Amino acid sequence: QVQLVESGGGLVQAGESLRLSCAASGGTFSVYFMAWFRQAPGMEREFVAGISRSGGNTVYADPVKGRFTISRDNAKKAVYLQMNSLKLEDMAVYYCAASARALFGTSPVRYDYWGQGTQVAVSS
């Protein structure tokens with residue numbers, strides 16, 4: 001079993017950048033497909049970005065393509081989300097998630113472990 005702790009959230013102005021981090025403990029980090037999700041008030045949790053076990057493949061939701069970059073460091077047991085050109089609509093609680101399943105998925109139900117979330121606020 002893996003435990004996940006996010007950090008790096010905060011308040012920024014539109015157009016600025018933030019880098020989220022997710023530190024993992026317990027388990028074997030490299031066996032997990034990792035992803036970032038976000039949830040705005042009154043909205044469903046949505047997939048943002050995912051990265052394969054080796055880090056060689058990444059997937060992004062359309063609204064963040066070209067602005068966000070997901071990466072991981074298996075030696076440090078960490079996954080990151082670099083968010084550039086932030087928009088008001090990016091404001092949400094961001095969650096790190098881990099999946100031990102064989103096939104990749106963007107649905108939250110395919111992820112076995114979750115962090116507590118970190119708030120990202122964007123002002124105009």
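Numbering of residues begins at 1 and proceeds along the displayed sequence. None of these values were measured; they are calculated from a predicted model.
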Evaluate side-chain contact (heavy atoms from CB on, under 4.5 Å) for Asp90 paired with Phe68, printing each intermediate quantity in order.
CA-CA 11 Å; Asp90 294 319; Phe68 290 11; 3.9 Å; yes

Would [X] end up clustered with [Y] when hydrophobic side chains under 4.5 Å apart are linked, directly or stepwise?
{"X": "Tyr80", "Y": "Met83", "value": "no"}
{"X": "Val59", "Y": "Phe37", "value": "yes"}
{"X": "Val2", "Y": "Trp114", "value": "no"}
{"X": "Val31", "Y": "Leu4", "value": "yes"}

Nearest 0.5 Å please: distance from the [atom1] atom of [X] over to the [atom2] atom of [Y].
{"X": "Ile51", "Y": "Asn57", "atom1": "CD1", "atom2": "CG", "result": "9.0 Å"}
{"X": "Glu16", "Y": "Ser123", "atom1": "CD", "atom2": "OG", "result": "7.5 Å"}
{"X": "Gln3", "Y": "Lys77", "atom1": "CD", "atom2": "NZ", "result": "9.5 Å"}
{"X": "Met34", "Y": "Leu81", "atom1": "CE", "atom2": "CG", "result": "11.5 Å"}

Short N-O contact, Asp62 and Lys65, less than 4.0 angstrom:
yes

Are the side chain of [X] and the backbone N or O of [Y] linked by a donor-acceptor pair below 3.5 Å?
{"X": "Tyr60", "Y": "Ile70", "value": "yes"}
{"X": "Glu6", "Y": "Cys22", "value": "no"}
{"X": "Arg67", "Y": "Ser85", "value": "yes"}

Quick check: closest heavy atoms across [X] and [Y], and the distance to 0.1 Å?
{"X": "Phe29", "Y": "Ala24", "answer": "CD1-CB, 3.5 Å"}
{"X": "Leu88", "Y": "Ser124", "answer": "CD2-N, 3.7 Å"}
{"X": "Val120", "Y": "Gly9", "answer": "CG2-CA, 4.3 Å"}
{"X": "Leu18", "Y": "Leu86", "answer": "N-CD1, 3.9 Å"}
{"X": "Ser17", "Y": "Asn84", "answer": "OG-OD1, 2.9 Å"}
{"X": "Arg38", "Y": "Ala92", "answer": "CB-CB, 3.8 Å"}

side-chain contact (heavy atoms from CB on, under 4.5 Å) assessment of Arg53 paired with Ser30:
CA-CA 6 Å; Arg53 294 169 176 82; Ser30 59; 5.8 Å; no

Other residues, nucleotides, ligands: >12 heavy atoms within 6.0 Å of Glu89 CD:
yes

Apply side-chain contact (heavy atoms from CB on, under 4.5 Å) to Asp112 and Arg101, showing your working.
CA-CA 8 Å; Asp112 308 290; Arg101 299 168 192 261; 3.5 Å; yes

Which residue is it: Phe47, Tyr95, Tyr32? I am looking for the one with a side chain to side chain contact (heavy atoms under 4.5 Å, CB included) to Tyr111.
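The residue from Phe47, Tyr95, Tyr32 that satisfies side chain to side chain contact (heavy atoms under 4.5 Å, CB included) with Tyr111 turns out to be Phe47.
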
Is it possible for you to check whether Arg110 lies under 6.0 Å from the centre of the six-membered ring of Phe33, through NZ or CZ, and within 45° of that ring's axis?
no

